[in-house]
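Working notes for the structure below.
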Amino acid sequence: MHLDRSRASRRNMLLEALPEKDLSLLTPHFKEISLAQGAVLQEQGERIDQVFFPHDGIVSLLAVMEEGNAVETATVGYEGAVGSLSGLGPRRSHSRAVVQVAGHSARIAAERFRQAAEESHEIRNIIVRYGEMLLIQVQQTAACNALHAVEARLSRWLLQARDRLDGNTIGLTHEFLSQMLGVRRTTVTVIASMLQEAGFIRYHRGQIEIVDRPGLEGRACECYGAIRRQIDEVTRVPL
């Protein structure tokens with residue numbers, strides 16, 4: 001079914017940033033879909049044929065090695081899009097896009113999105129701006145994974161997740177988190193227990209609840225603030 005325009009423009013910040021006349025090039029072709037946890041939206045190396053604008057939930061972009069191991073390089077929520085660079089021309093995905101936290105999204109065929117971008121400077125502009133922000137996030141995450149302790153990285157990830165959700169509870173298992181951070185599950189369990197004992201989070205049955213955000217921010221690395229500033233710049237500065 002067609003996506004309700006008011007919901008799309010209200011919930012996804014990239015769509016909200018578009019003027020009405022430019023958004024109208026996209027809305028007739030949107031479909032509203034549910035994003036199930038674990039669903040693969042795009043596979044690394046495959047042609048991008050759909051573009052997703054999440055309303056809520058979290059999508060992880062993973063770099064996948066030949067032996068099958070993967071690590072998260074960026075996350076996408078209601079502030080962004082998955083596959084948006086296909087609006088500038090046919091593209092293959094450089095990463096695997098997996099739904100980390102379930103939600104909802106507007107979806108449009110890449111060919112339709114490309115046609116709209118050809119007619120709209122504003123759509124092309126936001127594609128480029130968001131692409132630059134995503135590249136910065138990938139670079140920041142790479143540095144974070146190499147230089148910062150797991151506790152700081154986990155704290156950063158939980159804060160990024162909270163920024164994209166409506167509440168303080170995140171539906172996520174230690175197994176999922178270990179894949180995203182590129183560490184052993186036992187390591188995540190130990191660090192999560194430390195954060196829980198410190199009173200920053202509460203963990204129970206696959207649910208992580210943030211109970212002391214300022215305390216968690218104190219444990220997070222500088223990458224949380226750096227990535228958040230880039231997101232704010234793309235979504236708040238006029239096109």
Steps toward side-chain contact (heavy atoms from CB on, under 4.5 Å) verdict (Leu61, Leu134): CA-CA 10 Å; Leu61 304 184; Leu134 204 57; 4.0 Å; yes
To the nearest 0.5 Å, what is the distance between CD1 on Ile126 and CG on Leu18? 5.0 Å
For Trp157 and Thr75 the tightest heavy-atom approach is NE1-CG2, 4.0 Å
side-chain contact (heavy atoms from CB on, under 4.5 Å) assessment of Glu151 paired with Leu195: CA-CA 8 Å; Glu151 181 186 34; Leu195 294 175; 3.7 Å; yes
State the OH-NE2 distance between Tyr78 and His55, to the nearest 0.5 angstrom. 13.5 Å
Short side-chain to backbone donor-acceptor contact, Asn168 and Glu209, under 3.5 Å: no
Kindly compute the distance separating CD1 (Ile123) from CG (Leu25), expressed to the nearest 0.5 Å. 5.0 Å
Would you confirm whether Ser120, through its side chain, and Ala116, through its main-chain N or O, come within 3.5 Å as a donor-acceptor pair? no
Are Phe113 and Phe30, when compared by the centres of their aromatic rings, separated by less than 6.0 Å? no
Of all pairs that satisfy side chain to side chain donor-acceptor pair (under 3.5 Å), the ones with a partner from residues 80-92, not counting sequence neighbours: none
Single-linkage hydrophobic cluster Ile33~Leu14, side-chain heavy atoms < 4.5 angstrom: yes
Can you tell me how far CG of Leu177 sits from CG of Leu172, rounded to the nearest 0.5 angstrom? 4.0 Å
For a 4.5 angstrom cut-off between non-hydrogen side-chain atoms, does Val40 reach Val99? no
Can you name the closest pair of heavy atoms from Val211 and Ile201 and give their distance? CG2-N, 3.8 Å
Could you report the tightest heavy-atom contact between Cys223 and Gln140, atom names first, then the distance? SG-NE2, 3.4 Å
Side chains of Val51 and Val82: closer than 4.5 Å at any heavy-atom pair? no
Determine whether Glu217 and Leu159 make a side-chain contact, defined as any pair of heavy atoms from C-beta on separated by less than 4.5 Å. yes
With sequence neighbours excluded, tell me which residues meet side-chain hydrogen bond (donor to acceptor under 3.5 Å, both in side chains) with Arg96. Glu43
Short side-chain donor-acceptor distance under 3.5 Å, Arg156 and Gln160: yes
Quick check: do Pro19 and Glu122 have side-chain heavy atoms less than 4.5 Å from each other? yes
Donor-acceptor pair, distance only, cut-off 3.5 Å: does the side chain of Arg124 make one with the backbone of Ala117? yes
Same hydrophobic cluster for Leu62 and Val150, using side-chain heavy-atom links shorter than 4.5 Å among ILVMFWY? yes
When rounded to the nearest 0.5 Å, the distance separating OG1 of Thr189 from CD of Glu175 is 9.0 Å
Say whether Val64 and Val71 are linked into one hydrophobic cluster, either directly or through other cluster members, by side-chain heavy-atom distances under 4.5 angstrom. no
Minimal heavy-atom distance between Val188 and Val183, with the atoms involved, is CG2-CG2, 3.7 Å
Run Ile227 and Thr141 through side-chain contact (heavy atoms from CB on, under 4.5 Å) and show every step you take. CA-CA 9 Å; Ile227 292 172; Thr141 301; 4.2 Å; yes
Examine distances only and state if a side-chain atom of Glu79 and a backbone atom of Asn12 form a donor-acceptor pair shorter than 3.5 Å. no
Starting from Ile48, can I reach Val76 by hopping between I/L/V/M/F/W/Y residues whose side chains sit under 4.5 Å apart? no
Are Ser60 and Glu72 close enough that a side-chain donor and a side-chain acceptor fall under 3.5 Å? yes
Holding to side-chain hydrogen bond (donor to acceptor under 3.5 Å, both in side chains), I want the full list of residues that pass it with Gln139, two or more places apart in sequence or in another chain. none
Over all heavy atoms of both residues, which pair between Val138 and Ala74 is shortest? Give the atoms and the distance, please. CG2-CB, 4.0 Å
Going through the distances and angles, do Gln50 and Gln42 end up as a side-chain contact (heavy atoms from CB on, under 4.5 Å)? CA-CA 8 Å; Gln50 302 286 339; Gln42 292 174 359; 5.7 Å; no
When hydrophobic residues are tied together by side-chain contacts of less than 4.5 Å, even through go-betweens, does Leu88 share a cluster with Leu135? no
Rounded to the nearest 0.5 Å, the CZ atom of Arg114 sits from the CD1 atom of Ile108 at a distance of 11.0 Å
Please name all residues satisfying side-chain hydrogen bond (donor to acceptor under 3.5 Å, both in side chains) with Glu118, sequence neighbours left out, ordered by chain then number. none
Can a salt bridge be assigned to the pair Arg202 and Asp212 using a cut-off of 4.0 Å between side-chain N and carboxylate O? no
Considering all heavy atoms, the nearest Gly77-Arg164 contact: N-NE, 3.3 Å
Return each pair, listed once, that meets ring-ring contact (aromatic ring centres under 6.0 Å, His included) where at least one residue sits in residues 177-228; pairs must be two or more places apart or across chains. His174-Tyr203
Do Arg184 and Ser178 make a side-chain contact, defined as non-hydrogen atoms from C-beta onward lying under 4.5 Å apart? no
So does Glu66 have more than 12 non-hydrogen atoms from other groups sitting under 6.0 Å from CD? no
Short question: side chain of Ser105, backbone of Arg107 - any donor-acceptor pair under 3.5 Å? no
Does Leu165 offer a backbone N or O that forms a donor-acceptor pair with the side chain of Arg162 under 3.5 Å? yes
Across all chains, not counting sequence neighbours, the side-chain hydrogen bond (donor to acceptor under 3.5 Å, both in side chains) partners of Arg112 are none
Check: Arg47 side chain, Pro90 main-chain N or O, donor-acceptor pair, under 3.5 Å: no
